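Quick notes on the structure that follows.
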Protein chains: 2
Amino acid sequence: MNINEAIDLLKEKGYKTTGKRKDILTFFEQADGYRTAKDLIQHLETTYEGISFDTVYRNLHLYNEVGILETTELNGEKLFRMNCTHHHHHHFICKDCGKTKEIDVCPMEEVVSELANYDIEGHKFEIYGVCPACQTV
Amino acid sequence: MNINEAIDLLKEKGYKTTGKRKDILTFFEQADGYRTAKDLIQHLETTYEGISFDTVYRNLHLYNEVGILETTELNGEKLFRMNCTHHHHHHFICKDCGKTKEIDVCPMEEVVSELANYDIEGHKFEIYGVCPACQTV
DNA sequence: TATAATACCGTAATGATTACGATTTGTAAA
DNA sequence: TTTACAAATCGTAATCATTACGGTATTATA
């Protein structure tokens, strides 16, 4: 998902385009990995001093709902990143910079046989650690 | 991990045995799945009216640290369950009752080759849904 | 450009968790 | 079995992320 696709999607669904909304998209496009609401607020503060929590969280939830952002949870905080729309995959997440690496292994196929009669609604497969760029040798 | 193993482990490490500590162990043994701090507090309140948050959270963290409990995070809350010590595996987690089913598939072996030069510190593979017992037909 | 729906602000409320000084209790040595 | 002291607990306040709300401003469109 890129910025233009995201803006089109919002328009299509009848949401309005605002400067803040565009800036949030830019932030996540440049982030190239998971970021917290706090990270986003800090970024927006430089342009929009005193931006409201309401605005930030409302838009994060909206973006997640319409599929612009995907989300996970770590250390009691929600993390957001641009949605990878091309195909199903999982992520290695760097705990230092938040950047992610795509993992194309998905174990669900092997798993379903162990879960007959279970109603499966979702799954999460994530790998945590430090990416090469963040390793101080 | 059962209650006696847990108590021995605590003694071994120099921690004191108290009624509350034993009750917490009993609670998790009977729970047979993930529970929140809130669940535990509600249970303890019936015996120890006005039990302190400090006591509850301190012991949850202690138990997690020494390996009596394992933990995960869902919907902004931490969940705790008795640690499965026998071998490495993952869980299906029922979102209604919190009970878990062991999943013996672990995708990590296939993954490491995709992550040369990455420092891998941990991983999480969980499946969410509704267990057969909780499905109202 | 007028209108209405949507977005945003400023701030208060919530919910889970953490923290702290004072008090109580378990343990082991005397 | 008493004593002494470290550890555990209490009662409560503080913190942190997130959610909520009444009033105001802005965007889209007719």
Side-chain angles (χ1 to χ4, degrees), chain A residues 6-27 34-66 68-81 98, chain B residues 6-27 34-66 68-81 98:
Chain A
I7 290 176
D8 288 349
L9 182 62
L10 288 174
K11 278 192 185 148
E12 194 180 294
K13 301 217 172 198
Y15 295 105
K16 293 178 179 168
T17 308
T18 69
K20 297 188 181 75
R21 289 211 164 137
K22 284 189 208 159
D23 281 14
I24 293 174
L25 294 173
T26 308
F27 173 75
Y34 279 105
R35 292 290 181 274
T36 64
K38 201 178 169 187
D39 292 336
L40 175 58
I41 289 169
Q42 275 175 6
H43 171 81
L44 292 174
E45 274 282 345
T46 64
T47 312
Y48 308 99
E49 201 183 322
I51 188 163
S52 172
F53 289 147
D54 194 54
T55 303
V56 173
Y57 283 103
R58 188 169 22 75
N59 284 318
L60 286 173
H61 289 157
L62 171 64
Y63 285 7
N64 179 237
E65 212 168 275
V66 302
I68 294 171
L69 295 179
E70 55 185 288
T71 176
T72 189
E73 203 169 343
L74 214 54
N75 304 125
E77 274 184 315
K78 273 155 197 149
L79 300 175
F80 302 85
R81 61 158 289 146
Chain B
I7 290 176
D8 288 350
L9 182 62
L10 289 173
K11 279 193 183 148
E12 195 181 293
K13 302 219 173 199
Y15 295 105
K16 292 178 179 167
T17 308
T18 68
K20 296 187 181 74
R21 289 211 164 138
K22 285 189 210 161
D23 282 13
I24 293 174
L25 294 173
T26 307
F27 173 76
Y34 280 105
R35 292 289 180 274
T36 64
K38 201 176 169 189
D39 293 334
L40 176 56
I41 289 169
Q42 275 176 4
H43 171 81
L44 291 174
E45 274 282 346
T46 63
T47 314
Y48 308 98
E49 201 184 322
I51 189 163
S52 172
F53 289 148
D54 194 54
T55 303
V56 172
Y57 283 102
R58 189 169 21 73
N59 284 318
L60 286 173
H61 290 157
L62 171 64
Y63 285 6
N64 179 236
E65 212 167 275
V66 302
I68 294 171
L69 296 179
E70 56 186 286
T71 176
T72 190
E73 204 169 341
L74 215 55
N75 304 125
E77 275 186 312
K78 274 155 196 148
L79 300 175
F80 302 85
R81 59 158 290 146

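Bear in mind that the values here come from a model prediction, so they are computed numbers and not experimental data.
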For nucleotides 26-30 of chain C, give me every protein contact, N/O to N/O, under 3.5 Å, one pair per line with atom names.
unit_1 : atom_1 : unit_2 : atom_2 : d
C:dG26 : O3'    : B:T17  : O      : 3.4
C:dG26 : N2     : B:K16  : NZ     : 3.4
C:dG26 : N3     : B:K16  : NZ     : 3.4
C:dT27 : OP1    : B:T17  : N      : 3.3

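Separating the CZ atom in A:R81 from the CG atom in A:L69 is a distance of 9.5 Å, to the nearest 0.5 Å. In this structure, A:H61 NE2 and A:K78 NZ are separated by 5.5 Å, a value rounded to the nearest 0.5 Å. B:H43 NE2 to B:T26 OG1: the interatomic distance, rounded to the nearest 0.5 Å, is 7.0 Å.
If you take CG of B:L79 and P of C:dA16, they are 12 Å apart, rounded to a whole angstrom. Atom CG in B:N75 sits roughly 13 Å away from atom P in D:dT18 (whole-Å rounding). Atom-to-atom, CZ of B:R21 to C1' of D:dC10 comes out at 14 Å; the value is rounded to the nearest Å. Between A:L74 atom CG and D:dA17 atom P the separation is 14 Å, expressed in whole Å. The CZ atom of B:F80 sits 13 Å away from the P atom of C:dA16 (whole-angstrom rounding). Atom-to-atom, CD1 of B:I24 to C1' of D:dA8 comes out at 11 Å; the value is rounded to the nearest Å. Taking atom CD1 on B:I51 and atom P on C:dT17, their separation rounds to 15 Å, with Å as the unit.
The two residues A:E77 and B:E73 come nearest to each other via the heavy atoms N-OE2, 4.0 Å. Of all the heavy atoms in B:A37 and B:V56, the pair that sits closest is O-CG1, 4.3 Å. Closest non-hydrogen pair, B:V66 versus B:L9, comes out as O-CD2, 3.4 Å.
Screening residues 38-49 of chain A for salt bridge (charged side-chain N to carboxylate O under 4.0 Å, His left out) gives no qualifying pairs among residues at least two apart or on separate chains.
Minimum atom distance to the side chain of A:K20 is reached by C:dC9, of the listed D:dT19, D:dA8, C:dC9.
Of the residues in residues 39-49 of chain B, none has a non-hydrogen atom less than 4.0 angstrom from any atom of DNA chain D. Only A:T55, A:R58, A:N59, listed by number, bring a heavy atom of residues 55-63 of chain A to less than 4.0 angstrom from any atom of DNA chain C.
When the local axes at the two ends of the helix from C:dT1-D:dA30 to C:dA30-D:dT1 are compared, using 5 base pairs at each end, they differ in direction by 30° after rounding to 10°.
Proximity of A:K78 to the phosphate of D:dA17: no side-chain N or O atom is located under 4.0 Å from OP1 or OP2.
Each of B:K38 and A:G14 has a nearest nucleotide on DNA chain C; the 5'-most of these lies closest to A:G14.
Remark: B:Y15 engages no residue in a ring pair (Phe, Tyr, Trp, His ring centres under 6.0 Å) (not counting sequence neighbours). Listed by chain and residue number, B:I41, B:Y57 satisfy the side-chain contact (heavy atoms from CB on, under 4.5 Å) test with B:F53 (two or more places apart in sequence, or in another chain). When the side-chain contact (heavy atoms from CB on, under 4.5 Å) test is applied to B:D54, the partners found at least two apart in sequence or on another chain are B:S52, B:R58. For B:L74, the side-chain contact (heavy atoms from CB on, under 4.5 Å) partners two or more places apart in sequence, or in a different chain, are B:L79, B:Y128. Checked against side chain to side chain donor-acceptor pair (under 3.5 Å), B:R21 has the following partners two or more places apart in sequence or in another chain: B:N59. With sequence neighbours excluded, the residues satisfying side-chain contact (heavy atoms from CB on, under 4.5 Å) with A:D23 are A:L44, A:T47, A:Y48.
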Decide yes or no on side-chain contact (heavy atoms from CB on, under 4.5 Å) for B:L60 and B:T71, but give the supporting numbers first.
-> CA-CA 9 Å; B:L60 286 173; B:T71 176; over 6 Å; no
Stepwise side-chain contact (heavy atoms from CB on, under 4.5 Å) check, A:Y34 with A:E70 = CA-CA 9 Å; A:Y34 279 105; A:E70 55 185 288; 3.7 Å; yes
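Within the nucleic acid shown, A:G50 comes within 4.0 Å of sugar-phosphate atoms alone, with no base atom in reach, counting heavy atoms only.
Side-chain contact check for B:L10 versus B:T17: every heavy-atom pair is 4.5 Å or farther apart.
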Contact state string [nucleotides 20-25 of chain D, B base, S sugar-phosphate only, - no protein heavy atom under 4.0 Å] = BB----
